[in-house]
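Quick notes on the structure that follows.
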Amino acid sequence: MNIQVLRERYAQCSGAQIFGIIFLAGFLLRVILPNLKLLHHDEAIHAWFSYELLTKGVYQYDPMYHGPFLYYITAAVFKIFGDSDLLVRLLPAVFGSAIIILIYGIYRTGWLSKNHAVWAALFFAFSPNMVYFSRFLRHDIFQLFFTVLLLLAILAYIEYKKPGWALLAGSAAACGMCLKEDMPVAILVFGVFFIALLYYHRITLPDTWKRDLIGAVLIAAGIGFVFYTSFFTHPEMFFEAPFKAIEHWTSMHDQCRLCGPPYWYLIMLLLYEIPLLILAIYSIWHWGFKDKGLCQVRRTDPEEQGIPGEKTSLLMILFIIWTSCTLVFYGWVGEKVPWLLIHQLFPLIFLASYRIEGKKVIAGCITLLFLLGMTMHVCFTPVDMNEPIVQVQNSEDMRDVMALIDTAKTVVVASDSYWPLPWYYRGGRWDKILFYGKKVDPMVWSGKEPDIIITHDTDSYASLPGYEKRVYHLSYWFSLYDNQHRALEWYFLRDGKMGTVNLDVFVKGNNTALN
C-alpha cells in the first residue's frame, strides 16, 4: 500500500472514526496493567482520604492536600463499585483519556483543522507524561480535563451563541477550582486572551452575554460552595478556603521544600518530550513567518473577520501565551514536582501539531515512536527505575514487606514513615497493626509478641533478640547528586544510584511461615 492510498483513506475517514481509534489507543495505554506499580505516596494518601470520606463521612478542606473534588468523586466511585486498587487507577485513566474526546470537540467548533487536531490527539495519547499521570491518582489530570473542557466551552459559546455553553464553562471552571489552587492561572490566561479578542473585534458574543455570564458565575459559585463546605457541613470554609490556600502555598514557596531551578520543567521536557519541544519551536516559526500568521493577527479592520486560517492563528497565539505563562509561573513556584509539567505540556502539544503535512509527517511519526517508546519505559517498567518522573515513588520492595505482614498475626510499626500501608491495610486489616509513630522502648509491646517490627533505618534498633533484621526500600527517587557527573551516560542508560528511604524489618526468628 503506497503513501497516496493511505492519504486517500485518511481523507475518507470521518473525524469521529479517527478520534475514536486514537481514544481507544490512548485509553488502552492508560488502563492496561494498572497495578504494575505500587501506589505512589501521594496516591495512597488520596485513596485513603477518599476511603475515610466514604466510611466515616469525614472531610474538611486542607490546602496541603488540595481541593475536595478528587476525594468526593473517588469516594462516589468506591460507593458504587467498591474500594479497590483497580478503581484508584481507573478513575484518572478515564479522565485522562476523555481529554482526547475534548480535543475532538475543539476541532468540531471549527477553531482547529482536522489535521491539526488529529496530530494533537495522537501526541497527547502517547505522551509519556500524559500517560503516566493518567495512571496516577492526583488532582492534576482531573484539573487538566476541566481546563480543556473550559476552553472547549468558551470556543463553543463564541461559535454557537448558546447559553448552555456558558453554563458549562462556569461548571468546568468551578470543578477545576475545586481541584487545585493553581487553576486560576489557566482561567486568567483564557480570560485575558478572550477579552482582548473582544476588545479588538476578533470575536462577537450574543446579545444575552451578560445574562449568560451571570448564570455561569452563579453556577460556578454554587458548585464551589457545595464542595468547599463539604456539602454544607462547614459553610465558613467557602470564604476561608482562598485565604488558607494563599497562606499555605506562600509558606511552601518560601520554604522551598522541593526546590529546583526555574528551567527545571524545560529539563523534564528534554528528558521525556524532546521531539515535541523541537516541533513546537519549529512550528512557531512556521506559523508566524512562513505562513505569515503574525500578519493575520496584526490586522485591525473588523471587516476582515473570518478570513481563512484566522481562527487557527488566534488559537496559535493562545497556545504560545498559555505555554509561556505556565512555563514562567511553574518555573517561579518554589516546589518543582513532575506532575505539574502536564499543564505546561498540553498547550505545547498543540504548537507541535501545527501543519504536520508533507515531509513533516516523517518528523511527526518519529515523534510518535519516541513518545511511545518512552511511555513504555516509564509506565511499564515493573521494577524501581531511575527517573525524575517518579518523584518519590513507593518501592516495589514493599510488596515483599506486605507479603510478610499478610502472614503475620501482630505487626508493630515504630516509625512515622509508613505510607502506603494505611491504604493497603484499610478497615479491619489494620487491626493487627500496632502503630506507635516513632521508635519506642521494646517494653511497650511486651507480651504482645509481634511477628514483625518495622522501623525507619535511621531511627531503628541495632538488633532485637529473637528477630532477624532485614532492610527494604520504602521509597526511592532519582538522585541528581549521584548522577550529575555522568549526565550524558545516565540520559541513555537511565541507570545509576537512586536516593532511598529504607525500613528495618525485624522478622520473628522462630516463625517459619515468615521466613
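Note that these values count all heavy atoms, side chains included, but never hydrogens, waters or copies made by symmetry.
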**Study point:** Parallel, tilted or perpendicular, as decided by the 30° and 60° cut-offs, for the rings of Tyr107 and Phe19
**Key:** parallel
Exercise for review: Locate the shortest heavy-atom distance separating Ala75 from Leu54; write the atom from each residue and the value.
Suggested key: O-CD1, 3.9 Å
Check your understanding: Does the side chain of Val148 reach to within under 4.5 Å of the side chain of Leu144, using non-hydrogen atoms?
Key -> yes
Review point. Taking atom types as modelled and ignoring hydrogens, do the side chains of Trp249 and Asp182 form a donor-acceptor contact shorter than 3.5 angstrom?
Key: no
Practice item. Locate the shortest heavy-atom distance separating Pro128 from Val378; write the atom from each residue and the value. Key: CB-CG2, 4.0 Å
Check your understanding: Are His46 and His139 close enough that their ring centres sit under 6.0 Å apart?
Key -> yes
Point to revise | Between CD1 on residue Ile278 and CD1 on residue Ile274, distance to nearest 0.5 Å | key: 4.5 Å
Acceptor/donor pairs from residues 410-418 side chains to any protein atom, 3.5 angstrom cut, sequence neighbours excluded:
unit_1, atom_1, unit_2, atom_2, d
Ser415, OG, Ser417, N, 3.0
Ser415, OG, Ser417, O, 3.4

Practice item. Search all heavy atoms of Lys448 against all heavy atoms of Leu434 and return the closest pair with its distance. Key: CD-CD1, 3.3 Å
Review point. Do you see a donor-acceptor pair shorter than 3.5 Å between the side chains of Asn129 and Ser127?
Key: no
Practice item. Would you please classify the geometry between the Phe227 ring and the Phe231 ring as parallel, tilted or perpendicular, with 30° and 60° separating the classes? Key: perpendicular
Review point. Which value, rounded to the nearest 0.5 Å, describes the distance between Ile219 atom CD1 and Leu168 atom CG?
Key: 8.5 Å
Exercise for review: Indicate yes or no for a side-chain donor-acceptor contact from Lys37 to the backbone of Thr381 under 3.5 Å, with no hydrogens or angles considered.
Suggested key: yes
Check your understanding: Do the ring planes of Phe69 and Phe95 sit parallel (below 30°), tilted (30 to 60°) or perpendicular (above 60°)?
Key -> perpendicular
Practice item. I would like to know whether Asp85 and Trp423 meet side chain to side chain donor-acceptor pair (under 3.5 Å); could you show each step before the answer? Key: CA-CA 9 Å; Asp85 299 351; Trp423 164 253; 2.8 Å; yes
Practice item. Please determine if Glu468 and Lys508 form a salt bridge, counting it only when a charged side-chain N lies under 4.0 Å from a carboxylate O. Key: no
Check your understanding: Would you find a donor on one side and an acceptor on the other, under 3.5 Å apart, between the side chain of Lys432 and the backbone of Ile405?
Key -> yes
Practice item. Assess the side chains of His66 and Arg138: does a donor N or O sit below 3.5 Å from an acceptor N or O? Key: yes
Check your understanding: Could you walk me through whether Tyr425 and Asp406 pass the side chain to side chain donor-acceptor pair (under 3.5 Å) check?
Key -> CA-CA 9 Å; Tyr425 292 92; Asp406 290 342; 2.7 Å; yes
Practice item. Evaluate side chain to side chain contact (heavy atoms under 4.5 Å, CB included) for Tyr472 paired with Asp400, printing each intermediate quantity in order. Key: CA-CA 8 Å; Tyr472 295 93; Asp400 296 330; 3.8 Å; yes
Study note, to complete from the structure: When every non-hydrogen atom of Glu181 is compared with those of Gly67, the smallest separation belongs to OE2-N, 4.2 Å
Exercise for review: Give the C-alpha distance, both sets of side-chain angles, the deciding distance and a yes or no for salt bridge (Lys or Arg N to Asp or Glu O under 4.0 Å) between Arg486 and Asp495.
Suggested key: CA-CA 10 Å; Arg486 54 186 298 274; Asp495 63 350; 2.7 Å; yes
Review point. For Ile389, does its backbone N or O pair with a side-chain atom of Tyr272 as donor and acceptor, under 3.5 Å?
Key: yes
Review point. Is a side-chain donor-acceptor pair under 3.5 Å present for Glu387 with His377?
Key: yes
Exercise for review: Check whether the side chains of Ser395 and Asp384 place a donor and an acceptor atom closer than 3.5 Å, and report yes or no.
Suggested key: yes
Review point. Looking at the rings of Phe142 and Phe145, which for Trp means the six-membered one, are their centres under 6.0 Å apart?
Key: no
Check your understanding: Where the side chain of Lys336 meets the backbone of Val333, is there a donor-acceptor pair that is under 3.5 Å apart?
Key -> yes
**Study point:** Distance in Å, Leu137 CG paired with Arg89 CZ, rounded so as to fall on 0.5 Å steps
**Key:** 8.5 Å
Exercise for review: Go through the steps to decide whether Leu371 and Thr367 satisfy the test side chain to side chain contact (heavy atoms under 4.5 Å, CB included), and finish with yes or no.
Suggested key: CA-CA 6 Å; Leu371 296 179; Thr367 298; 4.0 Å; yes
Review point. Hey, would you say the Tyr65 and Phe49 ring centroids sit under 6.0 Å apart?
Key: yes
Review point. Relative to each other, are the rings of Trp332 and Phe329 parallel, tilted or perpendicular (30° and 60° limits)?
Key: tilted
Check your understanding: If you count the non-hydrogen atoms of other residues, nucleotides and ligands that lie under 6.0 Å from CD in Glu489, is the total more than 12?
Key -> yes
Review point. Do Phe123 and Leu276 come within less than 4.5 Å of each other through their side chains, counting heavy atoms only?
Key: yes
Would you tabulate the side-chain donor-acceptor contacts of residues 337-353 under 3.5 Å, counting partners in other chains and residues two or more places apart, or write 'none'?
unit_1, atom_1, unit_2, atom_2, d
His343, NE2, Asp140, OD2, 2.9
Gln344, NE2, Leu340, O, 3.1
Ser353, OG, Ala120, N, 3.2
Ser353, OG, Ile349, O, 2.6

Exercise for review: Please confirm whether the backbone N or O of Tyr228 pairs with a side-chain atom of His234, one donor and one acceptor, at under 3.5 Å?
Suggested key: no
Point to revise | Arg30 (side chain) donor-acceptor with Gly26 (main chain) under 3.5 angstrom | key: yes
Check your understanding: Looking only at heavy atoms, which two atoms of Pro63 and Ala245 are closest? And how far apart?
Key -> CB-CA, 3.9 Å
Check your understanding: Okay, side chain of Arg135, backbone of Asn35: is any donor-acceptor separation there less than 3.5 Å?
Key -> no
Exercise for review: Any chance you could lay out the side chain to side chain contact (heavy atoms under 4.5 Å, CB included) test for Phe146 and Leu151, step after step, and finish with the verdict?
Suggested key: CA-CA 9 Å; Phe146 287 111; Leu151 176 60; over 6 Å; no
Exercise for review: Rounded to the nearest 0.5 Å, what's the gap from NZ on Lys497 to CZ on Phe478? Could you check?
Suggested key: 13.5 Å
Practice item. Would you please say whether a donor-acceptor pair under 3.5 Å links the side chains of Asn394 and His41? Key: no
Practice item. Given side chain to side chain contact (heavy atoms under 4.5 Å, CB included), test Val507 with Leu404 step by step and report yes or no. Key: CA-CA 8 Å; Val507 182; Leu404 293 172; 4.0 Å; yes
Practice item. Drop me the distance from Gln143's CD to Leu150's CG, to the nearest 0.5 angstrom. Key: 11.5 Å
**Study point:** Closest approach of Lys439 to Ser460 (non-hydrogen atoms, all atoms of both residues)
**Key:** NZ-O, 2.8 Å
Point to revise | Test: Arg494 cationic atom under 6.0 Å from Trp490 six-membered ring centre, within 45° of axis | key: yes
Exercise for review: Hey, could you give me the OG1/CG distance between Thr74 and Leu91, rounded to the nearest 0.5 Å?
Suggested key: 5.0 Å
**Study point:** Side-chain ion pair, Lys244 and Glu247, N-O less than 4.0 Å
**Key:** no
Practice item. May I ask you to decide if His473's main-chain N or O and Asp397's side chain share a donor-acceptor pair within less than 3.5 Å? Key: yes
Review point. Between the side chain of Ser97 and the main-chain N/O of Val94, is any donor-acceptor distance below 3.5 Å?
Key: no
**Study point:** Pair Asp504 + Arg470, salt bridge at N-O below 4.0 Å
**Key:** no
Review point. What residues, two or more places apart in sequence or in another chain, satisfy side chain to side chain donor-acceptor pair (under 3.5 Å) together with Glu240?
Key: none
Check your understanding: Taking atom types as modelled, is there a side-chain donor on Asn483 or Tyr491 under 3.5 Å from an acceptor on the other?
Key -> no
Practice item. Check Trp477, Trp419, Phe133, Phe136 against His40 for a ring-ring contact (aromatic ring centres under 6.0 Å, His included) and give me the one that passes. Key: Phe136
